Structure formats: structure tokens, C-alpha cells
Amino acid sequence: GVYPSKQFSSDDFMSPEHRHFQEDVIQSSIKDITLKSMYSTALSNTQTLRVGAEFSGISYRPRASRYHFNDLLTGYHKDTIHEYSGDKTLRIASVFAENEFALAGSFTLNTGLRSSAIVVSEHTYIRLEPRASLLYFIKPNLSIKSSYTLMHQYLHTLTEPFQEYPRDTWVGINRNIPPSHSHQIALGIYGQEPVTGVEFGLEPFYKRMGRLIYDISTQTTPDATKTWDEDVLKNGDGEVYGAEAVSYTHLTLPTKRIV
């Protein structure tokens with residue numbers, strides 16, 4: 001997908017005599033193209049295998065500041081853009097496999113592995129992401145599921161307040177900023193009310209994160225002699241825990257047959 005530029009106008013000024021116009025604009029943007037292929041097959045009555053591959057090309061613009069000045073009387077015009085130096089592209093190639101087993105009784109085991117190669121700034125990161133879940137049906141319309149997932153993040157959105165509104169800055173990993181990672185465990189209960197068809201779920205979870213980054217830039221205009229990673233704190237740690245609750249229903253609209 002192509003995400004539109006995030007623009008934050010910091011100053012628009014027109015002189016009282018309408019002689020000149022001045023505008024300061026800050027923007028951040030991202031563009032990506034993704035190709036994905038997946039194949040699924042039933043190995044037996046109790047086992048299903050899914051395999052696939054994915055490739056993504058990403059380019060991003062961390063922060064660009066544009067100064068535009070136009071003197072309507074003299075015709076003097078100045079349009080200047082300041083942005084960080086350095087490589088601002090990512091290339092990600094991944095292969096993945098997932099195996100689902102229907103075990104004895106009412107248990108279903110799902111295991112998966114994803115391997116990714118991330119190429120940036122003439123440097124390559126290799127990351128593995130295992131995941132597993134165990135599902136148990138208490139009865140046909142009620143189940144519980146436990147899961148574990150290891151995930152890596154290659155693209156970040158740094159958010160900071162700007163004139164009472166949040167400002168997002170897109171940044172990707174590079175030679176100095178390795179991928180962040182998170183370990184998540186969860187235990188949930190899911191069901192469906194047989195009469196109304198309402199589905200519900202409650203999933204408490206705990207996530208531990210590492211190699212986080214935080215924007216500490218105090219300047220509106222990027223320094224073209226620096227790369228964006230010189231304006232962030234690196235190698236942070238964090239944790240998140242809580243519960244997710246969902247509830248929804250399927251609606252079947254009546255139809256009228258015309259003869």
C-alpha cells in the first residue's frame with residue numbers, strides 16, 4: 001500500500017498588505033509494495049499444513065521540513081526542504097509454515113515458524129519467529145486457548161505531541177537500530193450464544209518487549225548532516241499486560257423473491 005504523507009503545518013503567514021506569503025510544513029510518509037503467496041493442504045483427516053512466502057519493499061521519509069516563502073511584489077521565491085541523510089529503504093523476504101493438528105479428545109495444536117531476512121544499508125538481519133497455540137473445546141460452542149508468540153518489528157511509528165495534536169514519524173531499522181522484539185503469552189476463553197448467535201471472547205495477555213526506541217528530538221527542522229537514529233534513545237525495554245474482550249454477532253438479512 002501507499003500511505004499518504006502526514007503533514008503538519010507549523011506556521012502559515014500572510015502579511016497584512018498581502019505582499020508576501022510564508023509557510024512551514026513538516027511531513028512524514030511511507031510507501032510499500034508487498035507480494036505474498038500461500039499454499040494449504042490437508043495431510044490427513046487430523047492435520048493441515050500451510051506454507052507461504054512474502055516479499056516487501058518499503059521506503060519511508062522520517063521527517064522533512066519545508067520552508068516556502070513567496071514575495072508577491074518582487075517575485076522573490078524560496079522553497080527549501082530539510083531532511084535526514086542516510087538510507088531510508090527496507091527489503092524484507094520471508095518464508096513461513098504452519099501445522100495444525102487435531103489431537104485426541106477435544107484438543108487442537110497449532111505450531112508455526114516464520115523466517116525473515118531484512119536487508120537495509122548493505123546489512124542483513126535474519127530473524128526467526130516461532131509461535132504455538134493449544135485450543136481445547138469444553139463443548140461445541142465454548143473453548144479455551146493458550147498461545148505463545150515471538151515477534152519482531154522492522155518499522156516504527158514514533159508519536160509526539162505537536163501543537164496539541166499527535167505527530168507521527170515513520171522510521172525503519174538500519175545498521176545501528178536492530179529489529180525490536182516481543183514475547184507474548186495469552187490465555188483466552190471464546191464462545192457463542194446458541195440462541196442469538198452472539199460470539200464473545202476474553203483474552204488476558206502479557207507481552208515483554210526489547211530493543212525499543214524513543215524519539216528525543218527537540219528540533220522541528222531535521223539536521224541534514226545527521227541520520228534519524230541519532231535523535232532517538234535506543235535499546236529500551238518494556239512490558240504490556242491486560243485483557244482483550246470482544247463481542248459480535250452475525251446478521252442474516254431477509255430477502256424477497258420476485259416471481
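Note that this is a predicted model, so its numbers are computed, not measured.
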* Asked: How about I173 and I118: do any of their side-chain heavy atoms sit closer than 4.5 Å?
  -> yes

* **Distance (rounded to the nearest 0.5 Å) between I138 CD1 and S143 OG** => 7.5 Å

* Minimum heavy-atom separation for M209 to V240, with atom names? -> CE-CG2, 3.4 Å

* Tell me, with the steps shown, if R208 and D237 meet side-chain contact (heavy atoms from CB on, under 4.5 Å). => CA-CA 8 Å; R208 182 70 182 176; D237 295 318; 4.1 Å; yes

* To do: Please answer: with hydrophobic residues joined when any side-chain heavy atoms are less than 4.5 Å apart, are F96 and L49 in the same cluster?
  => no

* **N/O donor-acceptor pair under 3.5 Å between E203 side chain and I189 backbone** => no

* To do: Indicate if M38 and V95 have the same hydrophobic cluster label, given that clusters are the connected sets of ILVMFWY residues with side-chain heavy-atom separations under 4.5 angstrom.
  => no

* Structure fact -> Closest heavy-atom pair, G238 versus L212, reported as atoms and distance to 0.1 Å, is N-CD1, 3.9 Å

* Structure fact -> Closest heavy-atom pair, Y154 versus S116, reported as atoms and distance to 0.1 Å, is OH-CB, 3.7 Å

* To do: First locate atom NZ of K88, then atom OG of S59, and finally report the distance between them rounded to the nearest 0.5 Å.
  => 10.5 Å

* To do: Provide the closest heavy-atom pair for Y148 versus L150 in the form atom of the first, atom of the second, distance.
  => OH-CB, 3.6 Å

* Asked: Taking side chain as C-beta onward, heavy atoms only, is R211 less than 4.5 Å from P179?
  -> no

* Asked: Does the side-chain contact (heavy atoms from CB on, under 4.5 Å) test come out yes or no for V232 and L158, once each step is laid out?
  -> CA-CA 10 Å; V232 299; L158 304 179; 3.9 Å; yes

* Shortest non-hydrogen contact from S146 toward L187 -> CB-CD1, 3.8 Å

* Asked: Do R114 and E54 come within less than 4.5 Å of each other through their side chains, counting heavy atoms only?
  -> yes

* **Q153 side chain vs L155 backbone, donor-acceptor pair below 3.5 Å** => yes

* Are F205 and I185 joined in one hydrophobic group, where the rule is that I, L, V, M, F, W and Y side chains link up if heavy atoms are under 4.5 Å apart? -> no

* Asked: Which value, rounded to the nearest 0.5 Å, describes the distance between S147 atom OG and L134 atom CG?
  -> 10.0 Å

* **E239 side, atom CD; S182 side, atom OG - distance, nearest 0.5 Å** => 13.0 Å

* Asked: When clusters are formed by joining ILVMFWY residues with side-chain heavy atoms under 4.5 Å apart, either directly or through shared neighbours, do I144 and F107 land in the same one?
  -> yes

* Asked: Below 4.5 Å, heavy atoms only, C-beta onward: do M151 and H181 meet side chain to side chain?
  -> no

* Stepwise side-chain contact (heavy atoms from CB on, under 4.5 Å) check, E244 with V246 -> CA-CA 7 Å; E244 294 182 352; V246 295; 5.5 Å; no

* **Side chain proximity check, I177 to K234, heavy atoms < 4.5 angstrom** => yes

* Looking only at atom types and distance, does a side-chain atom of N141 sit under 3.5 Å from a main-chain N or O of Q192, one as donor and one as acceptor? -> yes

* Asked: Angle class for the Y60/W228 ring planes (parallel below 30°, perpendicular above 60°, tilted otherwise)?
  -> perpendicular

* Look at the side chain of S44 and the backbone N and O of T46, then say whether any donor-acceptor pair between them is shorter than 3.5 Å. => yes

* Asked: Sub-3.5 Å donor-acceptor pair from the side chain of R175 to the main-chain atoms of S121, do we have one?
  -> yes

* Asked: Looking only at heavy atoms, what is the nearest atom pair of P178 and Y125, with distance?
  -> CA-OH, 3.6 Å

* Looking at side-chain heavy atoms only, is the closest gap between R50 and E100 below 4.5 Å? -> yes

* Asked: Does the side-chain hydrogen bond (donor to acceptor under 3.5 Å, both in side chains) test come out yes or no for N110 and N99, once each step is laid out?
  -> CA-CA 6 Å; N110 188 299; N99 212 343; over 6 Å; no

* According to a 4.5 Å side-chain heavy-atom criterion applied to Ile, Leu, Val, Met, Phe, Trp and Tyr, with indirect links allowed, do L202 and Y136 form part of one hydrophobic cluster? -> yes

* To do: Could you go through the side-chain contact (heavy atoms from CB on, under 4.5 Å) check for R61 and W170 one step at a time?
  => CA-CA 7 Å; R61 198 176 196 179; W170 295 95; over 6 Å; no

* **Atom pair NE2/CG of H152 and L128 - distance to nearest 0.5 Å** => 8.0 Å

* Can any side-chain N or O of K145 pair as donor or acceptor with the backbone N or O of Y190 at less than 3.5 Å? -> no

* Hey, could you give me the CG/CD distance between N174 and E122, rounded to the nearest 0.5 Å? => 13.0 Å

* Asked: When V119 is tested against each of T89, L90, T124 for side chain to side chain contact (heavy atoms under 4.5 Å, CB included), which residue passes?
  -> T124

